[in-house]
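The next block holds one structure in the form of structure tokens; read it before the comments.
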Amino acid sequence: MASDSVVIVQLPRGGAVDWYLRTYPPSGVASGQVVVEPVAAEPDGRLGPVEAGEVVLSVLSPEALARDQQEVRDVIQQAPDDAGPLVIIVEAAEELREDELAVVVDAAARARRDVVVRVIADA
């Protein structure tokens with residue numbers, strides 16, 4: 001589905017997910033639908049609070065994105081139009097697989113919204 005929406009993955013620079021996405025980039029990265037944005041972590045290795053956007057969903061791990069696809073679609077579709085970028089918080093991850101990202105990319109494209117997936121820490 002063609003769309004001007006983009007999914008931005010924010011993650012701790014130099015962490016496990018950063019390494020995984022550089023080593024095994026999903027097709028969404030190659031197509032430009034997914035932008036990987038390594039961010040400087042706090043001293044404890046975790047990302048700080050979200051600075052911009054509206055948090056619409058928080059999950060413990062990225063597996064929940066694939067498992068709860070309808071919930072991901074619903075929260076993105078039903079977010080107010082005046083909200084800034086929509087943010088999905090992933091508390092911890094070792095990797096972020098193609099199928100997990102594809103759910104967010106599809107939902108963002110359908111809603112024509114930009115979505116930030118913010119991975120807070122390594123698992």
Side-chain angles (χ1 to χ4, degrees):
M1 176 175 284
S3 171
D4 291 336
S5 66
V6 66
V7 173
I8 300 167
V9 177
Q10 295 178 337
L11 43 84
R13 182 177 295 123
V17 179
D18 186 17
W19 176 87
Y20 182 84
L21 291 177
R22 281 187 282 112
T23 306
Y24 306 105
S27 62
V29 173
S31 71
Q33 291 177 300
V34 177
V35 176
V36 178
E37 184 179 304
V39 177
E42 301 287 325
D44 64 359
R46 299 173 56 83
L47 294 187
V50 175
E51 295 177 12
E54 181 170 330
V55 176
V56 294
L57 182 65
S58 182
V59 297
L60 294 177
S61 68
E63 290 86 2
L65 300 174
R67 184 180 57 243
D68 302 326
Q69 294 180 28
Q70 191 59 51
E71 182 177 4
V72 173
R73 288 185 195 106
D74 289 347
V75 298
I76 291 172
Q77 183 68 41
Q78 296 169 5
D81 289 336
D82 61 347
L86 305 179
V87 180
I88 296 174
I89 301 290
V90 176
E91 291 296 330
E94 289 181 17
E95 59 188 30
L96 195 51
R97 297 186 318 260
E98 180 82 37
D99 61 326
E100 297 157 350
L101 277 174
V103 173
V104 180
V105 169
D106 178 64
R110 289 174 185 269
R112 294 184 172 93
R113 300 292 298 269
D114 293 340
V115 177
V116 175
V117 175
R118 189 168 173 93
V119 179
I120 301 299
D122 286 345

Next item on the list: Taking atom CD of Glu94 as the centre, report whether more than 12 heavy atoms of other residues, nucleotides or ligands fall under 6.0 Å from it.
Entry: no
Next item on the list: Decide if atom CD of Gln78 counts as having more than 12 heavy atoms of other residues, nucleotides or ligands within a radius under 6.0 Å.
Entry: yes
Notebook entry, point to check: Would a distance-only check, ignoring hydrogens and angles, find a side-chain to backbone donor-acceptor pair under 3.5 Å from Arg13 to Pro38?
Noted result: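 Judged by distance alone, yes, a pair lies under 3.5 Å.
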Under a 4.5 Å side-chain heavy-atom rule over Ile, Leu, Val, Met, Phe, Trp and Tyr, are [X] and [Y] clustered together?
{"X": "Val39", "Y": "Val117", "answer": "no"}
{"X": "Val55", "Y": "Ile8", "answer": "yes"}
{"X": "Val59", "Y": "Val116", "answer": "no"}
{"X": "Leu65", "Y": "Leu11", "answer": "yes"}
{"X": "Val36", "Y": "Val115", "answer": "yes"}

Could you pull out the closest heavy-atom pair between [X] and [Y], with the gap in Å?
{"X": "Pro80", "Y": "Glu54", "value": "CD-OE2, 4.0 Å"}
{"X": "Asp99", "Y": "Ala66", "value": "OD2-CB, 3.9 Å"}
{"X": "Val56", "Y": "Ala79", "value": "CG1-CB, 4.2 Å"}
{"X": "Ala41", "Y": "Pro12", "value": "CB-CB, 4.2 Å"}
{"X": "Gly32", "Y": "Val6", "value": "O-CG2, 3.9 Å"}
{"X": "Ala92", "Y": "Pro62", "value": "O-CD, 3.5 Å"}

Any heavy-atom pair between the side chains of [Y] and [X] that's under 4.5 Å?
{"X": "Arg113", "Y": "Asp81", "value": "yes"}
{"X": "Leu96", "Y": "Leu101", "value": "yes"}
{"X": "Arg46", "Y": "Glu91", "value": "yes"}

Note to self: Rounded to the nearest 0.5 Å, what separates atom CD1 in Ile89 from atom CD in Gln10?
What the structure shows: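 Taking CD1 in Ile89 and CD in Gln10, the distance rounds to 8.5 Å.
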Next item on the list: To the nearest 0.5 Å, tell me how far Glu95 CD sits from Asp122 CG.
Entry: 11.5 Å
Item checked: Among Leu86, Val75, Val90, side chain to side chain contact (heavy atoms under 4.5 Å, CB included) partner for Leu57 ->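 Looking at Leu86, Val75, Val90, the match for Leu57 under the side chain to side chain contact (heavy atoms under 4.5 Å, CB included) is Val75.
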Item checked: side chain to side chain contact (heavy atoms under 4.5 Å, CB included) partner of Ile88, chosen from Val119, Val103, Val72 -> Val72
Check residues 14-27 and write down every donor-acceptor pair under 3.5 Å in which the side-chain atom is one partner and the other belongs to a residue at least two apart or another chain.
| unit_1 | atom_1 | unit_2 | atom_2 | d |
| --- | --- | --- | --- | --- |
| Asp18 | OD1 | Arg22 | NE | 3.2 |
| Asp18 | OD2 | Gly14 | N | 2.7 |
| Trp19 | NE1 | Thr23 | OG1 | 3.4 |
| Thr23 | OG1 | Trp19 | O | 2.8 |
| Ser27 | OG | Glu98 | OE2 | 2.7 |

Note to self: Can you list everything that forms a side-chain contact (heavy atoms from CB on, under 4.5 Å) with Val105? Sequence neighbours excluded, please.
What the structure shows: Val7, Gln33, Val34
